[in-house]
Amino acid sequence: MASIRRTLSPSNERHYQNGNQYSVQSPSHKLVLNGKSSSLLYSRKNYISRKKLFYRCLVFFVLGFVLGMAPFGGFDDAKSSDFSFEIKPPVVNVKEEMKDVVIPRPDNVVVNSVKLLGSGEEVQGKFDYASRKLLIVVTPTYNRALQAYYLHRLSEVLKLVKSPLLWVVVEMNAASAETADILRKTGVMYRHLVCSKNMTDIKDRGVHQRNVALEHIEHHRLNGIVYFADDDNIYSLELFESIRSINRFGTWPVAMLAQSKSKAILEGPVCNGSQVIGWHTNEKSKQLRRFHVDMSGFAFNSTILWDPKKWHRPTSDPIRQLDNVKEGFQETTFIEQIVEDESQMEAVPPGCSRVLNWHLHLEARGVVYPGGWLLQKNLDAVISTT
């Protein structure tokens with residue numbers, strides 16, 4: 001049986017007298033140290049590579065720093081340099097840009113001149129509220145079948161009146177939610193007041209309601225023209241625009257239905273231009289009145305109520321309507337507290353040539369509704385579904 005014996009490789013260790021070991025790995029005869037020597041060699045190479053890497057990073061850092069500071073020329077220039085910048089809009093030649101622009105213009109429109117405002121000229125506003133006096137419209141109201149209809153009808157007129165206007169609505173005993181809801185939906189500036197007088201001691205409900213409004217105007221020193229507008233009357237828009245020109249006290253004729261409802265009568269001033277020279281009256285029972293005016297036939301300056309010195313009033317007593325006078329004399333007794341005679345009155349409109357409001361006395365007393373209709377708090381009629 002043949003046997004193969006492997007000879008020793010040249011890479012086997014050989015011992016020399018100096019004790020060093022050498023091993024030959026390849027024909028290239030590379031020198032390989034033992035374990036201790038190879039570790040020292042590796043650590044030294046690693047140290048050399050780290051040192052080279054450090055110097056390279058330092059060189060690149062210095063180079064980058066120098067290149068970054070180069071545009072400024074130096075540290076002093078960098079400190080004194082201004083880093084702020086400003087974006088300026090491009091210059092536009094309006095004439096050149098608008099040369100080919102065609103602006104359409106409606107037919108039959110001729111532009112006579114164009115005025116450019118200078119730097120020192122003031123631009124006047126489109127609205128001139130300050131030039132118009134405040135209208136203070138006082139309306140006493142109470143629960144009845146047509147109350148909602150009357151308030152809606154009057155509010156539609158007041159909405160068309162130019163501002164400023166304040167609608168003072170006065171109720172008895174308590175402010176009803178129905179009336180408040182109507183006022184909120186009108187779009188008219190208003191104040192909802194309450195007269196808390198005892199109903200058993202009241203002869204004329206409207207007198208006390210108007211006095212509550214007068215107290216409110218006097219307390220808050222409202223400056224304007226006061227007008228008593230009952231909710232069941234009919235008013236023209238021209239009336240409210242005309243009474244703004246009143247200085248102290250203005251009056252005008254009122255068309256009324258007679259008690260018989262068969263004819264119309266006229267009550268109010270007879271005028272010569274802007275002067276009051278007489279009175280219209282057709283009822284013998286009222287001929288003893290000093291001023292023959294309907295409650296909706298006059299208006300006055302509110303400052304008379306709270307500034308007696310301005311109007312040279314002989315007394316500073318509050319101006320109020322009286323409940324202890326005969327029916328039909330409330331108007332004249334109230335006016336006598338404001339003016340002395342016709343010379344302090346103004347005709348509205350000049351000459352009293354037009355009737356601007358009607359007093360029809362159309363009260364819905366004893367209204368009978370068809371079967372199935374319900375009346376809720378005398379404001380709205382509701383049809384039952386059953």
Side-chain angles (χ1 to χ4, degrees), residues 127 129 132-197 199 202 204-241 243-244 294-296 298-300 302 305 320-321 356-365 367 374-382:
F127 304 101
Y129 294 113
R132 293 196 291 264
K133 293 181 181 179
L134 171 67
L135 292 183
I136 308 172
V137 181
V138 177
T139 301
T141 186
Y142 60 99
N143 292 343
R144 60 195 189 280
L146 298 179
Q147 181 187 11
Y149 165 73
Y150 288 146
L151 291 175
H152 278 297
R153 185 179 64 181
L154 179 55
S155 68
E156 291 300 319
V157 178
L158 297 181
K159 282 197 296 186
L160 301 177
V161 180
K162 295 180 180 179
S163 299
L165 182 142
L166 176 63
W167 191 15
V168 181
V169 180
V170 187
E171 283 195 288
M172 289 297 300
N173 299 326
S176 64
E178 293 81 6
T179 303
D181 183 63
I182 292 174
L183 296 178
R184 281 193 298 268
K185 295 178 180 179
T186 58
V188 180
M189 183 172 63
Y190 72 92
R191 293 188 183 180
H192 194 183
L193 307 181
V194 175
C195 178
S196 57
K197 291 285 185 179
M199 291 292 293
I202 289 180
D204 189 335
R205 177 197 315 104
V207 169
H208 295 278
Q209 289 175 290
R210 297 185 192 97
N211 285 340
V212 169
L214 294 176
E215 292 174 3
H216 182 83
I217 295 170
E218 181 179 350
H219 176 73
H220 294 280
R221 291 179 173 265
L222 301 180
N223 190 356
I225 303 299
V226 181
Y227 177 48
F228 299 125
D230 292 344
D231 56 2
D232 57 346
N233 291 351
I234 298 176
Y235 306 93
S236 67
L237 185 61
E238 182 185 354
L239 172 64
F240 295 96
E241 300 299 337
I243 63 179
R244 273 203 168 99
D294 184 72
M295 189 63 72
S296 61
F298 66 91
F300 61 94
S302 65
L305 300 174
R320 300 292 184 268
Q321 293 189 7
L356 300 180
N357 68 303
W358 286 75
H359 191 178
L360 302 180
H361 299 287
L362 298 178
E363 290 297 333
R365 294 191 179 95
V367 177
L374 301 177
L375 191 64
Q376 295 183 348
K377 297 184 180 180
N378 292 330
L379 281 176
D380 298 297
V382 182

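Being a predicted model, the structure only gives us computed values, none of them experimental.
- The aromatic rings of F298 and F300 lie parallel to each other, their planes meeting at an angle below 30°, with 60° marking the opposite boundary.
- In this structure, S155 contributes its side chain and T186 its backbone to no donor-acceptor pair below 3.5 Å.
- A 4.5 Å side-chain heavy-atom check between T141 and V169 finds at least one atom pair inside the cut-off.
- Judged by distance alone, with hydrogens and angles left aside, the side-chain atoms of R132 form no donor-acceptor pair with the main-chain N or O of K162 at under 3.5 Å.
- Applying the salt bridge (Lys or Arg N to Asp or Glu O under 4.0 Å) rule to R205 yields no partners; only residues at least two apart in sequence or on another chain are considered.
- By the salt bridge (Lys or Arg N to Asp or Glu O under 4.0 Å) test, D231 is found to be paired with R144, residues two or more places apart in sequence or in another chain being considered.
- In terms of heavy-atom proximity, V137 sits nearest to A229 at CG1-CB, 3.6 Å.
- R153 places a side-chain N or O within donor-acceptor distance of the main-chain N or O of D232, the cut-off being under 3.5 Å.
- Contact check for Y227 versus I243: side-chain heavy atoms found under the 4.5 Å cut-off.
- Residue H192 holds its NE2 atom at 5.5 Å from CG of L183, rounded to the nearest 0.5 Å.
- Put simply, the side chain of C195 does not reach to within 4.5 Å of the side chain of N173, judged on heavy atoms.
- R210 pairs with exactly one of D204, D230, T139 by the side chain to side chain donor-acceptor pair (under 3.5 Å) rule, that one being D230.
- Between N223 and L134 the shortest side-chain heavy-atom distance does not fall below 4.5 Å.
- In terms of heavy-atom proximity, V157 sits nearest to L237 at O-CD1, 4.0 Å.
- In plain terms, the two heavy atoms of L193 and A213 that are nearest each other are CD1-CA, 4.2 Å.
- Side-chain contact between L165 and V188: present, with at least one pair of heavy atoms (C-beta onward) separated by less than 4.5 Å.
- The main-chain N or O of L356 is never found under 3.5 Å from a side-chain atom of Y235 such that the two would form a donor-acceptor pair.
- For the atom pair Q209 CD and K197 NZ, the distance stands at 12.5 Å (nearest 0.5 Å).
- Scanning all heavy atoms of the two residues, the minimum distance from S302 to V226 falls at CB-CG2, 3.6 Å.
- Of the possible polar contacts, none joining the Q321 side chain to the N211 backbone as a donor-acceptor pair under 3.5 Å is found.
- Rounded to the nearest 0.5 angstrom, R320 CZ and L305 CG are separated by 7.0 Å.
- Contact of the I225 side chain with the F240 side chain is not registered, since no non-hydrogen atoms from C-beta on lie closer than 4.5 Å.
- Salt bridge status for E241 with R244: present, with a side-chain N to carboxylate O gap under 4.0 Å.
- With F228 as the fixed residue, the side chain to side chain contact (heavy atoms under 4.5 Å, CB included) test singles out one of I136, V138, V168: V138.
- Between T179 and R184 there is no side-chain heavy-atom pair separated by less than 4.5 Å.
- A distance of 9.5 Å separates CD1 in I234 from CG in N357, rounded to the nearest 0.5 Å.
- Looking at residues two or more places apart in sequence or on another chain, you find no salt bridge (Lys or Arg N to Asp or Glu O under 4.0 Å) involving E171.
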Next item on the list: Tell me, with the steps shown, if N143 and M172 meet side chain to side chain contact (heavy atoms under 4.5 Å, CB included).
Entry: CA-CA 9 Å; N143 292 343; M172 289 297 300; over 6 Å; no

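- Side chains of L160 and L158 form no contact here, defined as non-hydrogen atoms less than 4.5 Å apart.
- Here CG of N233 is found 10.5 Å from CG of L239. Values are rounded to the nearest 0.5 Å.
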